[in-house]
Trainee: 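Pasting a structure here, questions to come.
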Amino acid sequence: MEKQYPKNLEKWGRFWEKEKIYKFKRDKKSIYSIDTPPPYVSAEHLHVGHVMSYVQADFIARFWRQKGFNVFYPMGFDDNGLPTERFVEKKYNIDKSKISKKNFVELCLKETRRISKIYKKFWQKIGLSIDWSLSYNTIGPLCQKISQKSFIELFKNKKIIRREEPIIWCPKCQTALSQADLIDKKESGYLNFIKFLFWNGKEAIVATTRPELIPACIALFVNPLDKRYKAFIGKKAIVPLGNYKVPILASQKVDQKFGTGLMMVCTWGDIEDIYKWKQYKLKTRLIINKDGSLNELSGVYKGLSIMEARKKILIDLEKNGFLKKKEKITHVLNVHERCKTPIEFLKAPQWFIKILDIKKTLKKQGKKINWYPKFMKVKYDNWVDNLKWDWCISRQRFYGTPFPVWYCSNCGKIILAKEKDLPVDPTQNKPPISRCPKCKSNKFLPETDVMDTWMTSSLTPLINARWKEKKSLIQKIYPMNLRPQGFEIIRSWLFYTVVKSFFHTKTLPWKNVMISGWGLDWEGKKMSKSLGNVIYPEEVLKKYPVDALRYWATKANLGKNLRYQEKEVENGHRLMTKLWNAFYFSFFHLKNFNINNFNYNFKLYPTDQWIFSKLQETIKKSTNYFEKYEYGKARREIEDFFWKDFCNNYLELIKYRLYSKREDIIKKSAQFTLYKVFLNILKLFAPFLPYLTEEIYQLYFRKLEKVKSIHLTSWPVIEKDLLNKKIELTGDRIINLINAIRKSKSERNYSLKEEVKRLIIYCSNDMAKKLSLFVNDLKEMNNINVIEFKTKDEIKNGISVRDGLKIKIQF
RNA sequence: GGACGGUUGGCUCAGUGGUAGAGCGCUUCGUUCACAUCGAAGAGGUCGCAGGUUCAAUCCCUGCACCGUCCACCA
């Protein structure tokens with residue numbers, strides 16, 4: 001056996017697959033179910049941040065599996081929707097206007113199939129203990145069917161409606177969006193001060209960052225308390241460059257201090273415009289087309305893009321003396337998360353799920369979830385509080401789940417698909433009826449929009465449970481035990497899943513959520529391709545084994561971001577070497593020892609009692625941490641116990657007994673303890689280091705323990721009779737003595753093997769009695785010739801030991 | 001403007017109402033007998049700042065500063 005752990009650990013990945021170690025058993029009870037995040041299939045490579053969060057969930061899965069639970073741990077692939085479309089467009093440099101929908105969708109399917117394979121291989125390599133037979137992909141028939149079922153049920157329950165109203169629109173992707181699709185982007189621009197003329201020939205100034213919307217102006221608003229404009233209320237103003245008049249109205253909401261205190265309301269520049277338009281029943285002057293160009297209502301600006309129009313209108317305003325001044329400002333824009341294009345508002349019929357009317361209920365639902373860590377709940381609450389739109393679920397795109405809907409081409413009646421026919425594509429399939437029940441027309445038009453990707457993703461717990469399918473698991477795994485996910489999609493994936501579960505099952509989708517942070521680059525910055533700071537796990541894995549990279553992921557506390565530092569991977573590698581060498585040593589002393597033929601009828605040697613008691617503490621603490629999803633703290637407990645108590649002290653203390661030629665009871669006690677404690681250490685490390693622990697287990701323990709894999713062995717439980725606080729305290733005192741002796745040798749520049757002629761310990765008789773239990777081990781370990789106990793009043797210039805003992809060391 | 005997280009030794013981070021911890025780095029010492037990918041010892045911190053509560057605050061409370069993130073401000 002080598003002194004370095006074997007290089008071919010990855011063979012265990014194949015072993016786990018072949019032996020179906022992670023198989024979920026349909027008929028077995030005590031289930032622990034995990035709603036794994038299905039990654040977007042929209043990049044060639046996953047980065048080290050993905051490894052971090054997925055591996056963290058895997059620690060938890062492995063823990064519960066070892067605890068004896070029947071773990072439901074699936075993987076999904078989110079391969080529909082805009083992210084995939086954009087990936088394919090980029091890769092093939094596609095002009096959407098020149099490719100048929102059919103060809104484009106085929107290309108998307110081809111790419112997602114290819115990348116899903118890469119992902120699967122990668123997750124297996126990383127050691128995720130997934131049952132791959134539970135996989136799903138969001139564009140696949142099962143997911144489409146469940147999404148459409150969800151749609152039909154919500155429609156029938158009047159939670160989904162189709163209506164025409166102002167919507168959030170991305171002029172670049174040319175689709176409606178929902179609030180969750182938006183992010184903020186800081187931008188510098190100009191606040192333009194524009195002169196408006198009034199009915200009486202007077203003038204006043206309006207400040208705007210969007211002068212191109214002047215032709216869309218429908219009213220001016222002032223604060224009723226604003227003395228400057230009091231006289232204007234109820235009168236009319238003339239829109240510059242246009243020859244029409246708009247009313248001047250009053251609203252408390254107008255901030256007197258912003259700009260000039262005179263607010264221009266357009267169709268529509270922001271959500272405030274929409275509110276005012278609704279509330280005051282203002283006219284509509286929509287000047288922006290779906291592609292972001294201006295229409296004929298804008299007059300001479302027709303056909304220009306928004307930016308072109310902005311430039312041109314400023315020139316025209318200036319020429320005509322309407323532009324008073326420009327002020328440079330930075331402001332924050334709402335942009336589409338996927339393409340970073342500033343969004344517009346326009347009017348078009350869309351499908352909505354009504355959520356604004358149940359905000360209170362959704363807050364309550366959020367409160368019922370166990371949040372790990374707790375502070376992440378605030379992000380959910382903030383999001384619900386700030387909801388301003390119902391959830392727009394229709395997208396004017398190609399690649400996604402179709403709506404199971406046709407319209408009567410005569411009267412517009414909505415025709416739904418029958419559940420038994422799902423999944424349907426109305427552009428390919430015929431409606432379930434031949435004549436419109438309302439007007440008897442026999443002509444129908446398919447809905448051509450596709451669903452928002454979150455419409456499907458929000459159903460992952462129900463997809464996992466095969467909701468309303470033949471072999472439904474809904475009674476078994478739902479509500480699920482755990483949703484592990486990143487904090488950035490609390491407002492989308494988590495939120496929408498809560499919504500859907502509430503509507504469909506009136507329950508929570510899961511009991512616990514574990515929120516992970518991000519993997520950051522070595523400087524603590526978010527990894528992104530454009531910054532060139534993305535770290536790819538493949539590169540790391542050329543140098544280090546998987547377990548070492550997994551070790552890095554344990555370094556993040558729950559919910560915290562984690563920098564990628566090779567140093568930490570290196571530390572993982574060192575831990576592996578240490579574990580291997582501890583095994584190498586133990587194996588040497590255990591190879592002729594058979595635990596199964598072992599007779600327990602004796603009392604364990606004190607040092608052995610001590611390490612057993614320490615082990616119980618470690619089991620207790622690490623189990624508690626795991627149950628609170630604090631995998632990082634659990635690892636620390638285990639590692640400290642292993643490295644410090646077990647390797648640095650215990651192994652050294654028992655060496656002389658192990659090397660002894662006499663096969664006596666004190667040697668047997670050491671062997672027994674070594675076997676048990678080492679096996680427990682292996683089990684405790686197994687969630688973190690699945691490969692190396694499996695290697696060691698298979699090399700030695702399997703034939704004795706008779707369980708197929710370390711990952712199917714039981715998680716250590718505390719054995720109360722092994723927990724012995726008294727012996728633990730005395731043992732800890734012995735460790736302090738050892739440290740004092742080591743220090744004394746070190747100060748004299750002696751080797752640790754240097755002989756101590758005499759060690760005198762000054763203490764009470766009572767203490768001497770306790771300590772003397774360890775005297776032999778202490779002597780042998782530290783090469784002490786004689787140990788003497790003396791009472792305290794005999795002290796002459798002794799050394800103080802940490803816990804109050806006094807000693808004297810003579811060389 | 002609102003919210004959340006952070007501020008602890010040179011670096012990266014734990015942690016606790018009562019003598020401050022780890023890993024790395026640094027200094028010194030130590031290899032026949034699991035491991036030099038190791039072991040031992042040491043140096044190094046008024047725990048961001050200012051108040052308050054307490055017998056006692058790095059920890060609890062208030063305010064402030066700085067860093068990170070999210071949301072709101074597009075008139």
Side-chain angles (χ1 to χ4, degrees), chain A residues 1 3-5 179 182-184 187 189 191-192 194 206-210 213 217 219-223 251 253-255 258-266 268-273 276 329-334 342-343 373-379 381-383 385-386 388 487-488 490-491 517-518 520 522 524-526 555-557 559-563 565 567-568 570-571 573-589 632-633 636 639-640 643-644 647-649 651-652 655 658-659 738-754 802:
Chain A
M1 213 187 288
K3 293 187 179 182
Q4 176 57 267
Y5 58 80
Q179 195 179 343
L182 309 183
I183 55 166
D184 291 348
E187 238 184 41
L191 189 58
N192 304 286
I194 315 277
V206 166
T208 177
T209 55
R210 301 213 40 195
L213 287 182
C217 180
L220 295 181
F221 272 81
V222 299
N223 192 304
S251 162
K253 279 193 182 170
V254 176
D255 180 357
F258 188 94
T260 60
L262 196 58
M263 174 182 185
M264 173 173 87
V265 172
C266 308
W268 298 281
D270 62 13
I271 193 156
E272 204 46 50
D273 285 352
K276 295 229 157 40
I329 55 159
T330 53
H331 57 157
V332 179
L333 298 175
N334 270 326
I343 51 108
K374 273 210 176 71
F375 65 79
M376 286 294 182
K377 174 176 180 286
V378 180
K379 289 184 192 286
D381 287 339
N382 282 348
W383 181 252
D385 286 339
N386 285 316
K388 294 202 168 78
F487 66 91
E488 78 281 8
I490 288 175
R491 65 184 219 182
W518 270 334
L520 305 176
W522 49 90
K525 283 197 210 112
K526 195 184 164 184
K555 286 286 171 170
N557 258 2
K560 296 284 177 69
N561 294 337
L562 176 66
R563 295 183 188 199
Q565 295 187 100
K567 191 187 85 191
E568 295 295 357
E570 178 73 40
N571 281 343
H573 162 69
R574 280 185 18 226
L575 174 63
M576 292 172 71
T577 305
K578 189 79 178 171
L579 185 62
W580 177 257
N581 276 292
F583 167 65
Y584 182 85
F585 171 81
S586 307
F587 179 71
F588 178 76
H589 293 286
K633 290 176 184 174
R636 206 173 304 125
E639 187 176 343
D640 279 357
W643 205 297
K644 290 174 181 159
C647 291
N648 288 357
N649 290 312
L651 289 183
E652 296 299 330
K655 264 182 184 169
L658 292 173
Y659 279 112
I738 292 168
N739 289 336
I741 296 161
R742 282 169 170 171
K743 183 174 175 181
S744 165
K745 286 181 178 175
S746 188
E747 277 167 353
R748 290 173 168 78
N749 288 351
Y750 289 161
S751 157
L752 289 181
K753 283 171 182 147
E754 184 76 22
R802 198 188 175 124

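Every value quoted in this text rests on a predicted model; they were computed, and no experiment measured them. Throughout, a chain's letter reflects where its sequence line sits, starting with A, and its residues are numbered from 1.
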Trainee: Crowded around A/Lys377 NZ? As in, over 12 foreign heavy atoms under 6.0 Å?
Mentor: yes
Trainee: Can we say A/Glu568 and A/Lys555 salt-bridge, meaning some charged N sits less than 4.0 Å from an Asp/Glu carboxylate O?
Mentor: yes
Trainee: Which residue lies toward the 5' end of RNA chain B, A/Asn571 or A/Phe585, if each is placed at its nearest nucleotide?
Mentor: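 It is A/Asn571, whose closest nucleotide lies nearer the 5' terminus.
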Trainee: Measure from the side-chain heavy atoms of A/His331 and tell me the nearest of B/A72, B/C74, B/C24.
Mentor: B/C74
Trainee: Which pair of heavy atoms, one from A/Lys3 and one from A/Tyr584, lies closest together, and at what distance?
Mentor: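 Between these two residues, the closest heavy atoms are CE-OH, 4.0 Å.
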Trainee: When you measure from the side-chain N and O atoms of A/Lys379 to the phosphate of B/G5, is any distance below 4.0 Å, counting only OP1 and OP2?
Mentor: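 Checking A/Lys379 against B/G5: no side-chain N or O falls below 4.0 Å of OP1 or OP2.
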Trainee: Any salt bridge between A/Arg574 and A/Glu570, counting N to O under 4.0 Å?
Mentor: no
Trainee: Categorize A/Leu562 for me: base, sugar-phosphate, or nothing, with a 4.0 angstrom heavy-atom threshold over every strand shown.
Mentor: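 No contact.
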Trainee: Counting C-beta onward and ignoring hydrogens, is there a side-chain heavy-atom pair between A/Lys253 and A/Lys276 closer than 4.5 Å?
Mentor: yes
Trainee: Is the backbone of A/Thr208 close enough, under 3.5 Å, to the side chain of A/Asn192 for a donor and an acceptor to pair up by distance?
Mentor: yes
Trainee: Reckon A/Arg636 has a side-chain N or O less than 4.0 Å from the OP1 or OP2 of B/A14?
Mentor: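 So the side chain of A/Arg636 is outside the cut-off, no N or O lying under 4.0 Å from OP1 or OP2 of B/A14.
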Trainee: Rounded to whole Å, how long is the line connecting atom CD1 of A/Ile271 with atom C1' of B/C71?
Mentor: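 Atom CD1 in A/Ile271 sits about 14 Å away from atom C1' in B/C71.
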Trainee: Starting at CG of A/Asp640 and ending at C1' of B/C13, how long is that distance when rounded to a whole Å?
Mentor: 14 Å
Trainee: List the protein contact pattern of nucleotides 35-44 of chain B with one symbol per nucleotide (5' to 3'): B for base contact, S for sugar-phosphate-only contact, - for none; contact means a heavy-atom distance under 4.0 Å.
Mentor: B-BSSBSS--
Trainee: A/Arg210 has a side chain; which of B/U69, B/A72, B/C74 sits nearest to it?
Mentor: B/C74
Trainee: Based on Watson-Crick and G-U pairs with both distances under 3.5 Å, what dot-bracket line describes RNA chain B 5' to 3', crossing pairs as [ ] and inter-strand pairs as |?
Mentor: (((((((..((((....[..)))).(((((.......))))).....(((((..]....))))))))))))....
Trainee: Can you check the A/Lys633 NZ to B/A22 P distance for me, whole Å?
Mentor: 18 Å
Trainee: Residues in ring-ring contact (aromatic ring centres under 6.0 Å, His included) with A/His589, at least two apart?
Mentor: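 For A/His589, the residues satisfying ring-ring contact (aromatic ring centres under 6.0 Å, His included) (neighbours in sequence not counted) are A/Phe585, A/Tyr659.
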Trainee: Contact class for A/Val378 (heavy atom, under 4.0 Å): base, sugar-phosphate, or nothing?
Mentor: sugar-phosphate
Trainee: Give the rounded distance in Å between these two atoms: CD1 of A/Ile183 and C1' of B/U69.
Mentor: 13 Å
Trainee: Expressed in angstrom and rounded to an integer, what is the separation of A/Glu272 atom CD from B/A72 atom C1'?
Mentor: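 One finds 12 Å between C1' of B/A72 and CD of A/Glu272, rounded.
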Trainee: Rounding to a whole Å, what distance do you find between A/Asn561:CG and B/C4:P?
Mentor: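 Nearest whole value for this atom pair: 18 Å.
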Trainee: Check the distance between B/C71's P and A/Phe487's CZ and give it to me in whole angstrom.
Mentor: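 About 11 Å, once rounded to whole Å.
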Trainee: Among the nucleotides B/C13, B/C11, B/G6, which one has an atom lying closest to any side-chain atom of A/Lys567?
Mentor: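 Between B/C13, B/C11, B/G6, the one nearest the side chain of A/Lys567 would be B/C11.
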Trainee: Quick check on B/G5: is either OP1 or OP2 less than 4.0 Å from any side-chain nitrogen or oxygen of A/Asn557?
Mentor: no
Trainee: Given B/A3, B/A72, B/A14, which nucleotide is nearest the side-chain atoms of A/Asn334?
Mentor: B/A72
Trainee: Taking for each residue the nucleotide of RNA chain B bearing the nearest heavy atom, is the 5' side occupied by A/Met264 or by A/Gln179?
Mentor: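 On the 5' side of the pair lies A/Gln179.
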